[in-house]
Amino acid sequence: QVQLVESGGGSVQAGGSLRLSCAASGRTFSSRVMGWFRQAPGKERESVAAISWNDGSTSYADSVKGRFTTSRDNAKNTGYLQMNSLKPEDTAVYYCAASTHFFSSTRPPRVADFGSWGQGTQVTVFS
């Protein structure tokens, strides 16, 4: 089992930036992919980005391409989500998650593929 602890959420004006961090511990060697998801009130949890721990390959939802960047620091077992040009519609609780599945650049990450989840952090973007 992998334990994930998130940090970095908050409130920001539209156009601003935030960076989320996700520190992993436990059986981190079993994790192949770190995913980022978000869930707005009344909506389903949706994938935002994913990164391969092995080679750093990344994928993004169309709604955040060009604005969000995910990265990882293998030495620190920590993943990051840099969010720029934030919009009010980005407001949600953001979650990081770990998967033992192989990274796919063609198939969007699915909630069911991820067995370990962070506690979630609130991101609020006001206009």
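Positions are given from 1 along the sequence. Excluded from the calculations below are hydrogen atoms, water molecules and symmetry mates; all remaining heavy atoms, backbone and side chain alike, are included.
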Can you pull the salt bridge (charged side-chain N to carboxylate O under 4.0 Å, His left out) pairs that have at least one residue in [range], sequence neighbours excluded?
range: residues 50-64; value: Asp62-Lys65
range: residues 66-88; value: Arg67-Asp90
range: residues 117-127; value: none
range: residues 114-127; value: none

* **Partner set under side-chain hydrogen bond (donor to acceptor under 3.5 Å, both in side chains) for Glu46, not counting sequence neighbours** => Arg38
* side-chain hydrogen bond (donor to acceptor under 3.5 Å, both in side chains) partners of Ser104, counting only residues at least two apart -> Thr106
* To do: List the atom of Ala40, the atom of Ala92, and the distance in Å for their closest heavy-atom pair.
  => N-CB, 3.8 Å
* Minimum heavy-atom distance Ala61-Ser47, with the two atoms named -> CB-O, 3.5 Å
* **side-chain contact (heavy atoms from CB on, under 4.5 Å) between Phe103 and Asn54, worked out** => CA-CA 9 Å; Phe103 177 83; Asn54 181 39; over 6 Å; no
* Out of curiosity, Leu20 CG to Trp36 CH2, how far, rounded to the nearest 0.5 Å? -> 5.0 Å
* To do: Could you grab the distance from atom CD of Gln82 to atom CZ of Arg19, nearest 0.5 Å is fine?
  => 7.0 Å
Are [Y] and [X] linked, directly or through intermediate hydrophobic residues, by side-chain heavy-atom contacts shorter than 4.5 Å (ILVMFWY only)?
X: Tyr94; Y: Ile51; answer: yes
X: Tyr95; Y: Leu4; answer: no
X: Val111; Y: Val93; answer: yes

* Under the side-chain contact (heavy atoms from CB on, under 4.5 Å) criterion, do Met34 and Thr70 qualify, and how do the steps go? -> CA-CA 9 Å; Met34 175 169 282; Thr70 186; 6.0 Å; no
* Hey, does Gln3 have a side-chain heavy atom less than 4.5 Å from the side chain of Val5? -> no
* Asked: More than 12 heavy atoms of other residues, nucleotides or ligands under 6.0 Å from CD of Glu44: is that the case?
  -> no
Pairs where [range] contributes a residue and the test disulfide (SG to SG under 2.5 Å) is met, not counting sequence neighbours:
range: residues 23-81; result: none
range: residues 61-93; result: none
range: residues 36-81; result: none

* To do: Provide the full list of side-chain hydrogen bond (donor to acceptor under 3.5 Å, both in side chains) pairs with a residue in residues 111-127, sequence neighbours left out, each pair given once.
  => Arg107-Asp113, Arg110-Asp113, Gln122-Thr124
* With a 6.0 Å cut-off on ring centres, are Phe37 and Phe114 close enough? -> yes
* To do: Not counting sequence neighbours, list each pair that qualifies as a ring pair (Phe, Tyr, Trp, His ring centres under 6.0 Å) and has a residue in residues 51-84.
  => none
List the atom pairs, with distances to 0.1 Å, where a side-chain N or O of residues 6-16 and a protein N or O form a donor-acceptor pair under 3.5 Å, not counting sequence neighbours.
unit_1 : atom_1 : unit_2 : atom_2 : d
Glu6   : OE2    : Cys96  : N      : 3.1
Glu6   : OE2    : Gly120 : N      : 3.0

